[in-house]
Amino acid sequence: MYFGRIRVEIDDFRHRLDVSAVGAAFTEDGGTVLGDVVGITHRGTTEPISVDLQWYVGSCGKAITALLYARLARNRTRCEASALDGAILD
């Protein structure tokens, strides 16, 4: 499940963000096809992070969506699709 070939890119991303650890996974048809973790458990230690450890997962979806809309507006891009197109609403 985990392949080292994305490790370099993930570690570069971690260093650019100056964070302790980063994990990434790519899925296809509901199954993980590629993933890895890099970094340390917390600042001030050299203990490496592991996929077996508990992670705090934060959500940045709203911020990313707002940035996308801001870029579309800045570029005067007309968006024909609604953000809810294809969404299943209860």
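Owing to the predicted nature of the structure, the values given are computational and were not obtained by experimental measurement.
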Next item on the list: Find out if a path of hydrophobic residues (ILVMFWY) with successive side-chain heavy-atom gaps under 4.5 Å connects V38 to F13.
Entry: yes
Only pairs under 3.5 Å count here: list side-chain donor-acceptor contacts from residues 16-26, not counting sequence neighbours, and write none if there are none.
{"residue": "R16", "atom": "NE", "partner": "D12", "partner atom": "OD2", "Å": "3.2"}

Margin query: If you define the side chain from C-beta out and look only at heavy atoms, does anything of R14 sit under 4.5 Å from D11?
Written below: yes
